[in-house]
Amino acid sequence: MTTDLDQAAAAIEAAASVALACHVSPDGDALGSMLALHHLCRAHGKPSIASFSEPFLVAPHYAYLPGLDLMTKPLDFPEAPELMITFDCGSAQRLGDLAVAAGRAAQLLVIDHHASNQHFGSINLVDPDAAATAVLVRRLAGRLGWSLNRDTAICLYTGLVTDTGRFQYANTSTEVFALAEELAGFDLPIAEVSRHLFEEHRFAYLQLVAACLGRAELDRGLRFVATWVTEADLTHHDVTLDETEGLIDLVRRTAEAEVSCVLKEAPDGVRVSLRAISEVDVGAIATSFGGGGHRFAAGFTSTSSIADTLAAIRQAVRQATGA
Ligand code: AMP
Ligand code: MN
Ligand code: MN
């Protein structure tokens, strides 16, 4: 039987070159899984380019990733790639500007682990049970017979440690620990990576966090907590939107809440992050608003105001919990 993994490996072997793309506003798994395959292609003689949609900016906490300087601006991405590979994207829309290239690609390989994945590729290497897209890239390297190297290991580890919440979420399986052990064997700078990713922020960001936590609203009956970041907050504190990625991880610590939410004013609308502890499927809620994600971590972008979006989310949580 030919598996998705066989098909994915065969497509890469057959292609003269590959064009890699991850989701807009990339997180650790999107960047880490894409750059890992980029490093592998370079090490094994397969011409590759890697990119993501405008705004073509990487959050400062990912600046240590090897290979950021080996990326191509989205403007220079091939218009109709022979083989395009997407990372950590549940739908073509998550590619932003690069969705056009995906539509024109002769072959489209989708590598992802979102339960909401729309299988929009001609080949879909999709496993909702995989803790990170990085896990799937490791499996693919194995099928290709491609050995890992240190740069690849740092990138894969970044995807693994971010999507498992530092090996603490329920998706932290034995496969995750086995991969972490393998990656650690490449003289991985674990403490350095952890500090960049989780333990270091500009003072200005901490002050913005204080303001946002100060205004957070807890609805004890609904077991729902929310806060928001406006463009005025970002300007006032001199903080960039991508620096605020970890804010939801503070809000979700609220013991009295099952569902937590952060809303952020962005150029494309209000970006919403949702998290749940154990009962509510926020992936389903986000999907109902045109977004996606996982059961306990999901998001969407709204064209309404922060207040209207928040009211609609409360209503959806009320429905989901019967509260
Ligand atoms: P975030 O809250 O941005 O960290 O995202 C949490 C999860 O939801 C991630 O797995 C994202 O891939 C997914 N997600 C966030 N925003 C969107 C969106 N606009 N559309 C689809 N999925 C999203
Ligand atoms: Mn992601
Ligand atoms: Mn992921």
Side-chain angles (χ1 to χ4, degrees), residues 21-37 52-53 58-59 61-62 65 86-96 99 110-118 120 125-138 155-165 169-173 176 179 197-198 226-229 241-252 259-264 266-276 280-304 309 313:
C22 65
H23 64 69
V24 287
S25 306
D27 54 21
D29 190 33
L31 283 171
S33 59
M34 176 176 75
L35 289 176
L37 195 63
F52 61 87
S53 173
V58 168
H61 44 277
Y62 299 125
L65 277 171
T86 71
F87 299 82
D88 211 36
C89 296
S91 65
Q93 292 93 289
R94 293 284 286 157
L95 290 163
V110 169
I111 308 182
D112 186 39
H113 67 128
H114 288 90
S116 57
N117 189 286
Q118 294 174 358
F120 58 99
L125 181 54
V126 176
D127 181 359
D129 292 326
T133 300
V135 170
L136 301 174
V137 169
R138 174 65 190 97
C155 292
L156 290 178
Y157 182 80
T158 298
L160 201 60
V161 75
T162 52
D163 267 24
T164 59
Y169 298 156
N171 60 4
T172 311
S173 59
V176 165
L179 178 52
L197 286 176
F198 307 113
T227 192
W228 53 90
V229 184
L241 186 64
D242 46 41
E243 267 183 290
T244 65
E245 191 183 335
L247 179 59
I248 185 67
D249 294 315
L250 295 171
V251 179
R252 70 181 282 279
V259 177
S260 50
C261 175
V262 172
L263 305 98
K264 301 172 187 174
D268 56 338
V270 172
R271 292 195 199 157
V272 178
S273 290
L274 291 168
R275 299 291 185 271
V280 176
D281 181 352
V282 288
I285 292 177
T287 301
S288 76
F289 285 102
H294 310 277
R295 198 177 148 77
F296 300 131
F300 66 96
T301 302
S302 163
T303 48
S304 308
T309 306
I313 295 167

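For the numbers below, each heavy atom of this structure counts, side chains included, while hydrogens, waters and symmetry mates do not. Remember, it's 1-based here, ligands and their atoms both numbered in the order they're listed.
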Parallel, tilted or perpendicular: which one describes the rings of Phe300 and Phe289, with boundaries at 30° and 60°? parallel
For a 4.5 angstrom cut-off between non-hydrogen side-chain atoms, does Ile111 reach Ser33? no
Residue-ligand contact Ala298/ligand 1, heavy atom below 4.0 Å: yes
Side chain, backbone, both or neither: which part of Arg275 has a heavy atom under 4.0 Å from ligand 1? side chain
Over all heavy atoms of both residues, which pair between Thr287 and Gly292 is shortest? Give the atoms and the distance, please. OG1-CA, 3.8 Å
Can you give me the closest heavy-atom contact between Asp29 and Ala132, atom names plus distance? OD1-CB, 3.5 Å
Nearest option to atom 14 (N) of ligand 1, as decided by whichever heavy atom of Gly291, Gly292, Cys89 sits closest: Gly292
Atom 15 (C) of ligand 1 sits nearest the protein heavy atom Gly299 CA, 3.5 Å
Side chain, backbone, both or neither: His114 near ligand 1, heavy atoms under 4.0 Å: side chain
Determine whether any heavy atom of Thr301 lies closer than 4.0 Å to an atom of ligand 1. yes
When you look for heavy atoms under 4.0 Å from ligand 1, do you find them on the side chain of Gln93, its backbone, both, or neither? neither
Go through the structure and list residues passing ring-ring contact (aromatic ring centres under 6.0 Å, His included) with Phe296, not counting sequence neighbours. none
Which residue and heavy atom of the protein sit nearest atom 18 (C) of ligand 1, plus the separation: Arg94 NH1, 3.4 Å
Side chain proximity check, Cys261 to Val272, heavy atoms < 4.5 angstrom: yes
Without hydrogens or angle criteria, can the side chains of His113 and Asp88 be said to hold a donor-acceptor pair below 3.5 Å? yes
Could you please spell out the steps behind the side chain to side chain donor-acceptor pair (under 3.5 Å) verdict for Ser25 and Arg271? CA-CA 11 Å; Ser25 306; Arg271 292 195 199 157; 3.0 Å; yes
Please classify the Arg271 to ligand 1 contact at 4.0 Å (heavy-atom distances, strictly less than): side chain, backbone, both or neither. neither
Taking all atoms of both residues into account, what is the closest heavy-atom pair of Ala36 and Leu156, and its distance? CB-CD2, 3.4 Å
Heavy-atom distance under 4.5 Å between the side chains of Leu179 and Val135, does that happen here? yes
Within-cut-off N or O pair, Gly290 and ligand 1, under 3.5 Å: no
May I ask you to identify the nearest protein heavy atom to atom 19 (N) of ligand 1, giving residue, atom name and distance to one decimal place in Å? Phe300 CA, 3.5 Å
Are Leu263 and Ile313 side-chain neighbours, meaning at least one heavy-atom pair lies under 4.5 Å? yes
If I apply the N/O under 3.5 Å rule, does Ser273 come out as touching ligand 1? yes
Geometry only, no angles: is His23 polar-contacting ligand 1 at N/O separations under 3.5 Å? no
Taking all non-hydrogen atoms of both residues, which atom of Val282 and which atom of Val259 are closest, and how far apart? CG1-CG1, 4.0 Å
Could you count the protein N, O or S atoms found under 2.8 Å away from the Mn ion (ligand 3)? 4
